[in-house]
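First the structure, in the form of structure tokens, and then the observations on it.
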Amino acid sequence: MTDTPRQDPHGSQPNEPAAPDLWAQAAIKKEAAAAAPGTAWERQVLEKLVLATVAEQRAARRWRIFWRFTWIALLAAVAWALASRDLSGTTKSGPHTAVVDIKGEIASGAEASAEFVVAAMRSAFEDAGSQAVVLLINSPGGSPVQAGIINDEIVRLKAKHGKPVYAVVEETCASAAYYIAAAADGIFVDKASIVGSIGVLMDGFGFTGTMDKLGVERRLITAGENKGFLDPFSPMSAQQREYAQAMLNQIHQQFISVVKAGRGDRLKETPETFSGLFWTGQQAVEMGLADQLGNLDYVAREVVKAEEVIDYTRRDNVAERLVRKFGAAVGASAMRAMAALQVPQLR
């Protein structure tokens with residue numbers, strides 16, 4: 001028995017599947033194909049941005065770690081330097097000759113400043129093992145104030161500890177350096193050393209003529225008629241020159257008094273002795289400005305009778321040099337250079 005399919009009132013057959021819409025399917029496929037490349041491009045850009053951000057964060061973290069370790073190392077170096085300095089100041093040693101270097105310009109802030117030299121001398125005198133203190137000098141001079149402080153401290157420490165002080169000259173012992181050496185019990189030089197220059201100077205520049213030629217007007221306003229004294233862009237009056245000369249003469253007399261007190265009867269004074277001239281070591285011995293020829297080893301072996309030499313010189317260590325380099329050393333040096341043009345110098 002065969003079933004006859006029922007007819008729809010409208011003449012269609014509802015149970016028969018609808019024919020697929022080929023145009024719609026093609027449109028969907030086309031949209032999907034067009035959208036796929038755009039989605040991949042956006043994904044790649046996002047991935048690159050995320051990776052770049054992560055890499056940047058990692059680099060920043062590494063640098064933070066690096067600088068933290070750097071500062072920790074720097075602080076550790078400073079602490080170690082301070083600790084070692086304290087220990088060295090209290091260490092007692094066997095019989096030896098203590099040495100303190102005085103090299104380069106004698107000025108505040110320099111290695112040959114009164115602060116550094118006096119601290120080194122005190123450590124040398126206080127060590128029970130030091131038999132004598134030798135000042136190893138190689139300096140063209142510098143500040144009369146710094147030299148005067150060192151000279152006074154030598155006299156005080158000798159009286160307090162009862163130990164002799166000897167000055168050993170290498171290449172140069174001139175002006176403020178000789179101001180210091182004069183306080184020693186004996187001065188030893190090389191025959192070719194440069195010794196002397198017992199005088200005072202104040203140097204600078206004057207640009208008034210140049211300014212007139214260039215048509216430049218100097219506008220300097222002061223309260224006090226001599227406040228602009230030694231200004232390089234203003235002319236120097238006769239009264240100001242006379243005042244400056246009197247000041248230099250006074251400092252020169254102080255220098256002469258120190259030399260005479262230190263050398264005593266050994267000094268063979270001549271009209272040129274305090275004229276600012278300098279001489280070889282051999283001439284200095286003949287003039288009584290030095291005692292005899294000899295170097296550090298000779299003094300330690302033959303004079304002090306303690307061949308072992310221990311250096312007490314106060315120097316900047318690595319950590320201090322780093323701190324100074326990152327500080328205001330450049331600006332301070334420039335200010336000192338400008339000030340040096342108008343400050344009396346023993347050189």
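For the numbers below, each heavy atom of this structure counts, side chains included, while hydrogens, waters and symmetry mates do not. Just so it is clear, the model here is predicted, and its values are computed rather than measured.
Side-chain atoms of Ser123 come within 3.5 Å of backbone N or O of Ala119 as a donor-acceptor pair. Between the side chain of Gln292 and the main chain of Ala290, no donor-acceptor pair closer than 3.5 Å is present. Remark: side-chain polar atoms of His96 are paired, donor with acceptor, to backbone N or O of Gly94 under 3.5 angstrom. Between the side chain of Ser139 and the backbone N or O of Gly104 there is at least one donor-acceptor pair closer than 3.5 Å. Here the side chain of Arg314 pairs no donor or acceptor atom with the backbone of Val117 at under 3.5 angstrom. Within the 3.5 Å criterion, the main-chain N or O of Ala132 finds no donor-acceptor partner in the side chain of Ser130. No donor-acceptor pair under 3.5 Å is formed between the side chain of Glu302 and the backbone N or O of Val299. Side chain of Lys158 to main chain of Ala183: a donor-acceptor pair is present (N/O by atom type, distance under 3.5 Å, no hydrogens or angles). Counting only distance, with no hydrogens or angles, the side chain of Thr172 and the backbone of Ile194 share no donor-acceptor pair below 3.5 Å. A donor-acceptor pair under 3.5 Å is absent between the side-chain atoms of Gln146 and the main chain of Ser143, judged by distance alone.
When only modelled atom types and interatomic distance are considered, Tyr312 and Asp127 share a side-chain donor-acceptor pair under 3.5 Å.
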Criterion side chain to side chain contact (heavy atoms under 4.5 Å, CB included) on Glu153 and Arg122, from CA distance to verdict
CA-CA 9 Å; Glu153 193 65 12; Arg122 288 174 182 170; 3.1 Å; yes

So Ile187 and Val169, side chain to side chain contact (heavy atoms under 4.5 Å, CB included) or not? Walk me through it.
CA-CA 7 Å; Ile187 300 177; Val169 179; 4.2 Å; yes

Side chain to side chain contact (heavy atoms under 4.5 Å, CB included) between Glu126 and His161: does it pass, once the steps are laid out?
CA-CA 8 Å; Glu126 291 170 0; His161 297 279; 4.0 Å; yes

Run the side-chain hydrogen bond (donor to acceptor under 3.5 Å, both in side chains) test on Asn249 and Gln253 for me, step by step, so that the C-alpha distance in whole Å, both residues' side-chain angles and the decisive distance to 0.1 Å come before the verdict.
CA-CA 6 Å; Asn249 291 340; Gln253 287 301 317; over 6 Å; no

Trace of the side chain to side chain contact (heavy atoms under 4.5 Å, CB included) decision for Lys260 with Leu267:
CA-CA 7 Å; Lys260 287 183 176 181; Leu267 182 65; 4.3 Å; yes

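Using a 4.0 Å cut-off between a side-chain N of Lys or Arg and a carboxylate O of Asp or Glu, Asp185 and Lys163 do not qualify as a salt bridge. Look at Glu286 and Lys268 and you find no salt bridge, because none of the NZ, NE, NH1 or NH2 atoms lies under 4.0 Å from a carboxylate O.
Note that CZ of Arg58 is 11.5 Å distant from OG1 of Thr53, once rounded to the nearest 0.5 Å. Taking CD of Glu272 as the start and OG1 of Thr270 as the end, the distance is 4.5 Å to the nearest 0.5 Å. The CD atom of Gln131 sits 10.5 Å away from the CD atom of Glu308 when rounded to the nearest 0.5 Å. Interatomic distance, NZ of Lys103 versus CG of Asn138, reported as 6.5 Å (0.5 Å rounding). With values rounded to the nearest 0.5 angstrom, Leu289 atom CG is found 5.0 Å from Ile198 atom CD1. Here CG of Asp152 is found 11.0 Å from CD1 of Ile180. Values are rounded to the nearest 0.5 Å.
Two residues are said to be in side-chain contact when any heavy atoms from C-beta on lie closer than 4.5 Å; Tyr166 and Leu135 fail this criterion. Side-chain contact between Leu293 and Val189 is present, with at least one heavy-atom pair separated by less than 4.5 Å. With contacts defined as side-chain heavy-atom distances shorter than 4.5 Å, the pair Val134/Val100 does not qualify. Looking at heavy atoms from C-beta onward, Glu111 lies out of side-chain contact with Glu105 at the 4.5 angstrom threshold. Annotation: side chain of Tyr298 is in contact with side chain of Val303 (closest heavy-atom distance under 4.5 Å). Between Leu296 and Val309 there is a side-chain heavy-atom pair separated by less than 4.5 Å.
No more than 12 heavy-atom neighbours from other residues, nucleotides or ligands sit within 6.0 angstrom of CD on Glu115. Heavy atoms of other residues, nucleotides or ligands lying less than 6.0 angstrom from CD of Glu170 number more than 12. Heavy atoms of other residues, nucleotides or ligands lying less than 6.0 angstrom from CD of Gln250 number 12 at most.
Contact between Pro144 and Ile251 at its shortest, heavy atoms only, is CB-CG2, 4.2 Å. Between Ala176 and Gly142 the shortest heavy-atom distance is CB-N, 3.4 Å. Across Ile137 and Ala177, no two heavy atoms sit closer than the pair CG2-CB, 3.9 Å. In terms of heavy-atom proximity, Ser197 sits nearest to Ala174 at CB-CB, 4.0 Å. Across Ala124 and Ala98, no two heavy atoms sit closer than the pair CB-CB, 3.6 Å.
With Phe255 as the partner, the ring pair (Phe, Tyr, Trp, His ring centres under 6.0 Å) test is satisfied by one option alone out of Tyr179, Tyr178, Phe274: Tyr179.
By the rule that hydrophobic residues join a cluster once side-chain heavy atoms approach within less than 4.5 Å of another member, Leu157 and Ile106 end up as members of one cluster. Each of Val155 and Val118 belongs to its own hydrophobic cluster when Ile, Leu, Val, Met, Phe, Trp and Tyr are linked at side-chain heavy-atom distances under 4.5 angstrom. Linking Ile, Leu, Val, Met, Phe, Trp and Tyr residues whenever their side-chain heavy atoms come within less than 4.5 Å leaves Phe278 and Val195 in two separate clusters. Under the 4.5 Å side-chain heavy-atom criterion for ILVMFWY residues, no single connected hydrophobic cluster contains both Val133 and Val168. Linking ILVMFWY side-chain heavy atoms closer than 4.5 Å, directly or via other members, places Val259 and Trp279 in a single hydrophobic cluster.
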